Asker: 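Okay, handing you the structure first.
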Amino acid sequence: MNSNGANPPDVVVFGQIARDLVFVVDEVPGAGHSAAVRQRREMLGGKGANQAVALAQLGMCPALVGVVGDDRVGQRLLEQARQDRVDVSAAIVRAGTATALIADVVDGSGRWRYLEDIPAATLLTRTDVLGCARLLVPGCWASLQLQQPPTAALAAARLAREAGCKIALDGVPGEQARAELLATADVLRADAREAGLLTGTDICTAAEAERAARDIVRRGPSLVALAVNGIGNAFAWHGGSLQLPLSPTQVVDTTGAGDAFMAALIMGLARGGGPQRAARLAVAAAGATVGHPGGRPALTPTAVQQQLTLLARAAPPVPGSLMPPGGAIVGGATS
Ligand SMILES: Nc1ncnc2c1ncn2[C@@H]1O[C@H](COP(=O)(O)OP(=O)(O)O)[C@@H](O)[C@H]1O
Ligand SMILES: [Mg+2]
C-alpha cells in the first residue's frame with residue numbers, strides 16, 4: 001500500500017510539478033494594450049504532474065517524483081495530486097525555493113505562449129532521484145521527462161534498469177548521455193521540435209518521421225513515436241511501423257497533449273495491448289486533451305473512446321501526407 005492507501009505504483013514519473021495558470025484571450029495584446037480574459041483556470045500542472053494524473057485517469061497507479069517549494073502552493077499541489085490518486089510520497093519539498101509557476105496564455109486560434117517561472121531548485125537532482133530507489137521495483141515502468149537535467153535523467157535510467165523496470169523517455173536525450181539513454185530505453189517519444197533536435201534536421205512529413213523513428217529503434221528503444229507538426233505521429237518498433245493522423249477534433253490548446261499521449265502509450269504497452277493498440281490509444285488521449293485550455297488531462301473512458309472512434313473514421317490524407325482512414329501500417333508490421 002502507498003501513502004494514498006492505494007496499490008503500489010506501477011509507473012514512476014520523474015518530471016516537473018508546477019502551478020498552472022491558464023488565460024484564454026481572443027488575441028494576445030501587444031505592449032501597451034490589454035485584453036479581456038475569456039476563461040481562467042488555475043490548477044496542478046507541470047509535465048510530470050500532467051502525465052501522472054493522466055496515468056491515474058487511465059487506471060494505472062502512478063507515483064510522481066518531482067520538486068515543489070516549501071510554500072503553501074507546493075502543499076496545495078501535492079494535496080491535489082493525492083486527490084488525483086497520484087502517489088506523491090517520494091515528491092521532494094525543497095526548502096528555500098518557491099514552487100514553479102507557469103502561465104499559459106492561449107489565443108482564439110489555439111496558439112499558446114508560456115510565461116515560465118521555474119526556479120533552478122525545482123528541477124530534479126541526481127540525489128533526489130537516488131532517494132526514490134524504493135519505488136522502482138521489477139516490472140514497474142519508469143517514465144523520464146528529459147526536460148529535467150541530464151544527470152537526474154541518467155541516474156533515474158540507471159536505477160530503473162538495475163531494478164528491472166521498463167523505461168520510457170519523453171523529449172531529447174542530452175548529447176552526452178544520448179547513446180546510453182537510447183540503449184537503455186524501451187520507449188522514446190518526441191514532439192515535432194524535439195524530433196528535429198534529435199535527428200539534426202527538420203521533420204516535415206510522415207515519411208521522414210517514420211524513417212527517423214526506424215533509425216532510432218536501431219539505437220535501442222523497442223518503440224519510438226515522433227510527432228510531425230500539424231500532421232500526426234509516426235511510430236516504429238521492432239518489426240513494424242505505423243503512421244496515425246491527428247484525431248479530427250477541435251484544438252483549443254495543445255498543452256499537455258504530449259503528456260497524455262505518453263501516459264496512454266505506457267498504459268497500452270503495460271496492459272499488453274501491443275504497439276498498434278498503444279499507438280492508437282496515445283493519439284486518442286492527445287486528442288482528448290487538445291479540446292480544453294491547459295494541460296490538465298480529462299481522460300474519461302468515454303472521452304478516449306470517442307477519440308478512438310474519430311480516429312478510426314479519420315479522413316483520407318491529402319497526397320504526400322499521412323494516412324488512409326484508421327491509419328496505415330507501412331512496415332508490414334505485427335504487434
Ligand atoms: N488534434 C489532435 N489530435 C491528436 N493529437 C494532437 C492533436 N493536435 C496535436 N496533437 C498532439 O499533441 C501533442 C503535443 O505534444 P507536446 O508539444 O509534447 O505537448 P506537451 O509537451 O504540452 O504535453 C503532439 O504529439 C501532437 O501530435
Ligand atoms: Mg512535450
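Because the structure is a prediction, the values reported are computed rather than measured. Counting convention: from 1, in listed order, for ligands and their atoms alike.
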Asker: Please give me the minimum heavy-atom distance between A52 and P62, naming the atom from each residue.
Answerer: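 Heavy-atom minimum between the residues: O-CG, 3.2 Å.
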Asker: So, taking the atom named CG in L223 and the one named CG in L265, what distance separates them when rounded to the nearest 0.5 Å?
Answerer: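 CG of L265 is found 5.5 Å from CG of L223.
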Asker: Has R40 got more than 12 heavy atoms of other residues, nucleotides or ligands less than 6.0 Å from its CZ?
Answerer: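 No.
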Asker: For ligand 1, which atoms, with element, lie under 4.0 Å from some heavy atom of S247?
Answerer: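 Those of ligand 1 that fall under 4.0 Å from S247 are 1 (N), 2 (C), 3 (N), 4 (C).
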Asker: Hey, could you give me the CD1/CZ distance between I203 and R211, rounded to the nearest 0.5 Å?
Answerer: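 It is 9.5 Å, given to the nearest 0.5 Å.
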Asker: Between D259 and ligand 1, is there a nitrogen or oxygen pair with a distance under 3.5 Å?
Answerer: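 Such a contact does occur with ligand 1.
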Asker: Given G258, A260, A288, A54, which one has a non-hydrogen atom that is nearest to atom 14 (C) of ligand 1?
Answerer: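 Checking each option, the heavy atom nearest atom 14 (C) of ligand 1 is found in G258.
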Asker: Atom OG of S143 and atom CG of D186: how far apart are they, to the nearest 0.5 Å?
Answerer: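 Result: 11.5 Å between the selected atoms.
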Asker: How far is atom 12 (O) of ligand 1 from the closest protein heavy atom, and which atom is that?
Answerer: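 Looking only at protein heavy atoms, the one closest to atom 12 (O) of ligand 1 is A257 CB, 3.2 Å.
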Asker: So, R113 and D107, do they make that salt bridge, N to O below 4.0 Å?
Answerer: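 Looking at R113 and D107, the cut-off is met.
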Asker: Which heavy atom of the protein is the closest neighbour of atom 21 (O) of ligand 1, given with residue, atom name and distance?
Answerer: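 Answer for atom 21 (O) of ligand 1: K47 NZ, 2.7 Å.
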Asker: Is V251 close to ligand 1, meaning an N/O of one under 3.5 Å from an N/O of the other?
Answerer: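 The answer is no, given that V251 and ligand 1 share no N or O pair closer than 3.5 Å.
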Asker: Pull out every atom of ligand 1 sitting under 4.0 Å from any heavy atom of V283, numbered as shown with elements.
Answerer: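 Those of ligand 1 that fall under 4.0 Å from V283 are 4 (C).
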Asker: Starting from atom 6 (C) of ligand 1, what is the nearest protein heavy atom, named by residue and atom, and what distance separates them?
Answerer: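 Of the protein heavy atoms, L246 CD2, 3.5 Å lies nearest.
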Asker: At under 4.0 Å between heavy atoms, which part of N233 makes contact with ligand 1: side chain, backbone, both or neither?
Answerer: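 Only the side chain of N233 comes within reach of ligand 1.
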Asker: Short list, please: which atoms of ligand 1 are under 4.0 Å from a heavy atom of T255?
Answerer: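 The atoms of ligand 1 under 4.0 Å from a heavy atom of T255 are 22 (O).
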Asker: Do any N/O atoms on A286 end up under 3.5 angstrom from N/O atoms on ligand 1?
Answerer: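 Between A286 and ligand 1 (N or O atoms, distance only) the closest approach is not under 3.5 Å.
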Asker: Below 4.0 angstrom from a heavy atom of T249, which ligand 1 atoms are there? Numbered from 1 as shown, please.
Answerer: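 The list of qualifying atoms is 1 (N).
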Asker: Testing D259, D20, D84 one by one against R296 for a salt bridge (charged side-chain N to carboxylate O under 4.0 Å, His left out), which residue passes?
Answerer: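 The option that passes is D84.
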Asker: Give, for atom CD1 of I216 and atom CG of L169, the distance between the pair rounded to the nearest 0.5 Å.
Answerer: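 The distance works out to 11.0 Å.
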Asker: What residue and heavy atom of the protein are closest to atom 17 (O) of ligand 1, and at what distance?
Answerer: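 Going atom by atom, the protein heavy atom closest to atom 17 (O) of ligand 1 ends up being D191 OD2, 3.5 Å.
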Asker: Less than 3.5 Å apart, any donor N or O on the side chain of T99 or R19 sitting next to an acceptor on the other?
Answerer: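 Side chains of T99 and R19: no pair found under 3.5 Å.
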Asker: Going by the order shown, which atoms of ligand 1 are within less than 4.0 Å of some heavy atom of G256?
Answerer: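 The list of qualifying atoms is 20 (P), 22 (O), 23 (O).
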Asker: Among Q307, R189, E194, M262, which one puts a heavy atom closest to atom 16 (P) of ligand 1?
Answerer: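 The residue whose heavy atom sits nearest atom 16 (P) of ligand 1 is R189.
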Asker: Could you walk me through whether V24 and V37 pass the side chain to side chain contact (heavy atoms under 4.5 Å, CB included) check?
Answerer: CA-CA 6 Å; V24 182; V37 171; 5.8 Å; no
